[in-house]
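Here the structure is laid out as structure tokens; the discussion comes afterwards.
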There are 2 protein chains.
Amino acid sequence: MDYSTMCPRYEAAADLLGKKWTGRIIFVLLGGPRRFKDMKEQIPEMSDKMLTDRMKELETLGIVNRHVYPEMPVRIEYELTDKGRDLKPVIQSIQKWGEQWM
Amino acid sequence: MDYSTMCPRYEAAADLLGKKWTGRIIFVLLGGPRRFKDMKEQIPEMSDKMLTDRMKELETLGIVNRHVYPEMPVRIEYELTDKGRDLKPVIQSIQKWGEQWM
DNA sequence: CCGGATCCTAATGGATACTG
DNA sequence: CAGTATCCATTAGGATCCGG
């Protein structure tokens, strides 16, 4: 690992992962596409606003895709992109360290 | 990876790593023990307060040891503990993803 | 040299009510 | 169902000055 290559991309990635709910949202989506209400059910402590904010951020970053199915009522599903799925080992790594040491 | 074991230790670890300067401080310390002024030199954009705050937090969490050498003037060195050194693969993992995708 | 103390601003997190 | 809008509390980050 080289110091000069460590930032700023490291900072951006760590910043995202450090935000509340990011890890848990991605974890849920690793199980497959999910709807807004599914995510609320699986992470009940999270408020609507937090979920909305985070999903918008993840979509903007290209970590999540948002599919709109024009049914009635409309159905919207969120799904990880390749970029998002590639976070799995990262999250596992943090998880492993946390379990062992925190 | 199991959802029930993912939190709260994951959250605590991600929260720490997401704080500004944490990764860079640990990275510098992976190179060996460092003094306060050494760290300031290697991370010149960081204010004294930020370094003080972060070092105190890392020490409290047992990630860094603080050695006081009673010379005149006093010399203080910071060094990673085993817990701290174990963050190396975690930081590398975040770094790798960041390089590839961000 | 190694911080501590103060004060301030910006960003983040959250509760609640409302809407197409 | 899938969000917005509003308002508020908390926290992180930072500038500056002070001291043993």
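Note that the structure is predicted; figures quoted are calculated from it, not measured.
Across the protein-nucleic acid pair, B:R34 atom CZ and C:dC2 atom P stand 14 Å apart, rounded to whole Å. Spacing between atom CG of A:D53 and atom P of C:dA15 amounts to 13 Å, rounded to whole angstrom units. Taking atom CD on B:E77 and atom P on C:dC2, their separation rounds to 9 Å, with Å as the unit. If you measure from atom NZ of B:K19 to atom P of C:dG13, you get 12 Å, rounded to the nearest angstrom. Between the CD1 atom of A:I43 and the C1' atom of C:dG13 there is a distance of 15 Å, given to the nearest Å. Here C:dG3 presents its P atom at 8 Å from CG of B:L51, a figure rounded to the nearest Å. A:L17 has its CG atom 14 Å from the P atom of C:dT12, to the nearest Å. Following rounding to the nearest Å, A:M46 (CE) and C:dA15 (P) show an atom-to-atom distance of 12 Å.
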query: Given the rule in the side chain to side chain contact (heavy atoms under 4.5 Å, CB included) test, do B:L87 and B:L30 qualify, once you have shown the distances and angles that lead to the verdict?
result: CA-CA 9 Å; B:L87 279 171; B:L30 281 170; over 6 Å; no

message: Please evaluate residues B:E45 and B:R24 with respect to the criterion salt bridge (charged side-chain N to carboxylate O under 4.0 Å, His left out), reporting the C-alpha separation (whole Å), side-chain torsions for both, the decisive distance (0.1 Å), and the verdict.
response: CA-CA 11 Å; B:E45 321 92 280; B:R24 291 182 64 182; 2.9 Å; yes

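From one end of the helix from C:dC1-D:dG20 to C:dG20-D:dC1 to the other, with five pairs defining each end axis, the axis direction shifts by 50° (rounded to 10°).
Where B:R75 and A:M50 each meet DNA chain C at their nearest nucleotide, the meeting point lying more 5' is that of B:R75. Of the two residues near DNA chain C, A:S47 and B:K37, the one whose nearest nucleotide lies more 5' is B:K37.
Geometrically, A:R34 does not engage A:Y78 in a cation-pi contact, judged by NZ or CZ lying under 6.0 Å from the ring centre and within 45° of the ring axis.
Tested against B:I25, the residues B:M55, B:M50, B:Q42 include a single side-chain contact (heavy atoms from CB on, under 4.5 Å) partner, B:M55. When each of A:E77, A:R75, A:E79 is checked for a side chain to side chain donor-acceptor pair (under 3.5 Å) with A:H67, only A:E79 meets the rule.
Counting all heavy atoms, side chain and backbone alike, A:V64 lies closest to A:L80 at CG2-CD2, 4.0 Å.
Applying the 6.0 Å contact sphere to NZ of A:K19 captures more than 12 heavy atoms from other residues, nucleotides or ligands.
Looking at B:K56 and B:D53, no side-chain N of the basic residue comes within less than 4.0 Å of a carboxylate O on the acidic one, giving no salt bridge. Using a cut-off of 4.0 Å between Lys/Arg side-chain N and Asp/Glu carboxylate O, B:E57 and B:R54 are scored as salt-bridged.
Protein chain A contacts DNA chain D from D:dC1 to D:dT6, reading 5' to 3' and using non-hydrogen atoms of the protein with a distance under 4.0 Å.
Of the possible donor and acceptor atoms, one in the side chain of B:D38 sits under 3.5 Å from a partner among the backbone N and O of B:R35. Side chain of A:W97 to backbone of B:K83: a donor-acceptor contact under 3.5 angstrom is found.
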Just the atom pairs and distances: protein N or O near nucleotides 4-9 of chain C's N or O, under 3.5 Å.
unit_1	atom_1	unit_2	atom_2	d
C:dG4	OP1	B:K56	NZ	3.4
C:dG4	OP2	B:K56	NZ	3.0

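Residue contacts for B:Y78: at a heavy-atom cut-off of 4.0 Å it reaches the sugar-phosphate backbone alone, with no base atom in range.
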